[in-house]
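First comes the structure, then the notes that go with it.
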Amino acid sequence: MKYILVTGGVISGIGKGIIASSVGTLLKACGIGVTSIKIDPYLNIDAGTFSPYEHGEVYVLDDGGEVDLDLGNYERFMDVTLHRDNNITTGKIYQSVISKERKGDYLGKTVQVVPHVTDAVQEWVERVSKIPVDGDDKEPEVCIIELGGTIGDIEGMAFVEAFRQFQFRVNRQNFLNIHVSLVPQPKATGEQKTKPTQSSVRELRGLGLSPDLVVCRSSLPIHDAVREKVSNFCHVANEQVICVHDCTSVYRVPLLLAEQNLIPFFKGRLGLDLPLRPGRSLSKWKELADRYDRNTNPVKIALVGKYIKLEDAYISVNKALMHSALVCNYRLEVKYVDSEELEDEMREKNPVKYHEAWQNLCGSDGVLVPGGFGVRGIEGMVKAAQWARVNKKPYLGICLGLQVAVIEFARNVLGMKKANSSEFVSENDETVVIEMPEHNPGDMGGTMRLGKRKTFFNQHKSVTRKLYNDVEVVEERHRHRYEVDPSKVEEFEGNGLKFVGRSEDGKRMEIMELSGHPYFVAVQYHPEYLSRPLKPSPPYLGFILAAIGRLTSFITSGCRLSPRSSFSDGETSDTEEELMTFHVSNALRQNASH
Ligand code: GLN
């Protein structure tokens, strides 16, 4: 097993996660099995109890693990399936050490950060690195470990010390450190400054780790003289200084790393059996990146949510929309609409905001209501669903987005004026969304229906089923507590709101479609977690196709993207050919359970 530790210098939030995932992408393109571990040095056990405002979205894994959104980057970039243990937090490590102490496993010794906590980190990393992530039982060959935060943070110290020891435990030829640092270019002088990088490398060395690669993040490409300077002052060779400037899209980052000869470097340094050139899968990334730059035709999506002040709160939804827009050759334009601003009271309270919000909604090609918790903003989401239903605009409801669409339909079509969810008001005879526990209620953070579950289609006509290539069963990831009340389903269905996908026992409503509407689809699960740049999620693809007016032709042509819809220049290279015959079926076959 080869270990690549990615640390950060100067400040966080400069794309360490994307660089780490891009290294993985590059190695995968060379045919190497890669896994990854994200370390978050906070004390929380997991991300389950985070407010989306704190850390952005909570990412959900197949096994129901609620983890940091960086694991989403790894899964999307490297097309792997990670497990809850691939996310380490200080809380998890201490919990395991303390429970061992309680069991008497330390035989009466004083339990200390060094060696007990640092040993626990090393054991955890060694154990988890071996878990297969590619859907087969092959042990990965390389494990990329991203240490959150920056070098010097108090919280990260025990981890840095653990890796200082770890490099000897696994031997030098099996361990490599990439240090991602910032090279700012202050406006006053316009010069690229290396001093912050020098200090942070010095700090890293002081803690006993020597960088094998210094990745300089900068807004513009780095000049040779600056590269030279980093090399001189940070005690690394010129070719060990890698530059990653701001790119048009994240899809360019693996390409940028390949251009700077990272493959021969890994081959030499880690003794990996790598070809000198990456495989075809990297040319697909080039095609994606070029396509991203080329697409000018906008598809406008109104994302009506409540956490819109922080775009990271909906990062997977945004990525899933992007994957679908890219494959259709459209430029995604997301308008984040604060659902509270669509509510009636806002007309009085803040008419400018109210009208702006409605303008964004009405000016869109499609309306998406994503997941969420709590009553705030619900009425605005109901309004958005109503507007999309009545005006026959494409609508995609995700989790809470399904629940509000059902509430809206109950109120305005079935005349159940008090229709609501028991999450928001106490139950009455018109409650249409109820708590349906499947879990063991316990501590906070563990009471939801989480992770991969099966959905069975109950009819062939369903558009969603066609998008999923006519499979009978799909498996997607869940994170919710409430569901549509099964006793009311007959009434809904009698009026055109069909629950075409359900749990095996038929009691849990998973996929909803409205008859006679171009695309009014909602799902109780979160398909965005399984969307990949080259394999868009079917419900999202259907939504984008409906928004650009291509859904019907897509379905009648057997769910294939025509060359024209897929490529604006009409030219077909080998790689393009592959993407062009991109078939939703193939894309999601892996997600289907048979
Ligand atoms: N709050 C809703 C529930 O718990 C929806 C959850 C979600 O959208 N992820 O069921």
Side-chain angles (χ1 to χ4, degrees), residues 46-62 64-67 69 72 303-308 310 312-318 320 339-340 367-382 384-385 395-408 410 419-427 431-442 444-453 455 476-486 488 499 502-503 507-512 521-531 537 539-540:
D46 62 29
T49 51
F50 277 160
S51 148
Y53 279 137
E54 234 358 76
H55 284 264
E57 155 194 287
V58 174
Y59 191 77
V60 181
L61 299 171
D62 268 11
E66 297 173 284
V67 294
L69 56 81
L303 193 152
V304 183
K306 58 200 283 189
Y307 314 116
I308 59 144
L310 186 73
D312 265 2
Y314 300 113
I315 183 162
S316 291
V317 170
N318 192 303
S339 56
E340 272 184 296
V367 177
L368 188 148
V369 176
F373 294 83
V375 70
R376 184 173 63 81
I378 291 299
E379 292 308 318
M381 295 176 198
V382 170
Y395 177 86
L396 181 61
I398 305 291
C399 206
L400 180 65
L402 177 142
Q403 299 170 2
V404 295
V406 167
I407 294 170
E408 188 280 314
N420 215 321
S421 159
S422 57
E423 182 179 1
F424 314 126
V425 294
S426 47
E427 235 169 273
T431 304
V432 287
V433 177
I434 56 169
E435 187 168 3
M436 288 185 51
E438 183 194 66
H439 41 74
N440 299 320
M444 282 279 280
T447 62
M448 273 189 278
R449 187 166 181 251
L450 283 166
K452 210 167 184 177
R453 296 280 195 290
T455 294
E476 296 270 14
R477 296 179 183 173
H478 294 67
R479 182 175 188 247
H480 66 110
R481 227 173 246 123
Y482 299 86
E483 286 166 55
V484 177
D485 180 353
K488 308 245 174 25
F499 294 92
R502 304 184 185 193
S503 59
K507 292 202 179 107
R508 297 176 191 274
M509 305 304 134
E510 296 276 11
I511 307 173
M512 181 203 93
V521 170
V523 287
Q524 188 57 72
Y525 50 77
H526 292 266
E528 61 272 18
Y529 295 135
L530 292 182
S531 188
S537 159
Y540 280 88

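Just follow the structure's listing: the first ligand is 1, and inside any ligand the first atom is 1.
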Look at [atom] and say which protein heavy atom is nearest, naming residue and atom and giving the distance to 0.1 Å.
{"atom": "atom 10 (O) of ligand 1", "result": "Tyr482 N, 2.8 Å"}
{"atom": "atom 4 (O) of ligand 1", "result": "Arg481 N, 3.0 Å"}
{"atom": "atom 5 (C) of ligand 1", "result": "Gly372 O, 3.3 Å"}
{"atom": "atom 7 (C) of ligand 1", "result": "Cys399 SG, 3.0 Å"}
{"atom": "atom 2 (C) of ligand 1", "result": "Glu423 OE1, 3.2 Å"}

Grab the two heavy atoms, one from [X] and one from [Y], that are nearest each other, plus how far apart they are.
{"X": "Ser422", "Y": "Glu435", "answer": "OG-N, 3.5 Å"}
{"X": "Val406", "Y": "Met512", "answer": "CG2-SD, 3.7 Å"}
{"X": "Leu303", "Y": "Pro370", "answer": "CD2-CG, 3.7 Å"}

> Should Glu510 and Arg449 count as an ion pair when the cut-off is N to O under 4.0 Å?
Replying inline: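 Result for this pair is yes, salt bridge flagged.
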
>> Quick test of your reading of the model: are Glu340 and Arg376 salt-bridged, counting only N-O distances below 4.0 Å?
In response: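 Yes.
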
> For Val433, does its backbone N or O pair with a side-chain atom of Gln403 as donor and acceptor, under 3.5 Å?
Replying inline: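 No, Gln403 side chain to Val433 backbone: no donor-acceptor pair under 3.5 Å.
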
> Any donor-acceptor pair under 3.5 Å linking the side chain of Lys507 with the backbone of Met436?
Replying inline: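 Checked: no pair found.
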
> Contact between Gln524 and ligand 1, counting heavy atoms under 4.0 Å?
Replying inline: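 No; Gln524 lies far enough from ligand 1 that no heavy-atom distance drops under 4.0 Å.
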
>> Would His526 count as a contact residue for ligand 1, given that I'm defining contact as a non-hydrogen atom of the residue lying under 4.0 Å from a ligand atom?
In response: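 His526: in contact with ligand 1 (<4.0 Å).
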
>> Please classify the Arg479 to ligand 1 contact at 4.0 Å (heavy-atom distances, strictly less than): side chain, backbone, both or neither.
In response: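 The answer is the backbone of Arg479.
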
>> Below the 3.5 angstrom mark, is there an N/O of Leu400, backbone or side chain, next to an N/O of ligand 1?
In response: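 Yes: some nitrogen or oxygen of Leu400 is under 3.5 Å from one in ligand 1.
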
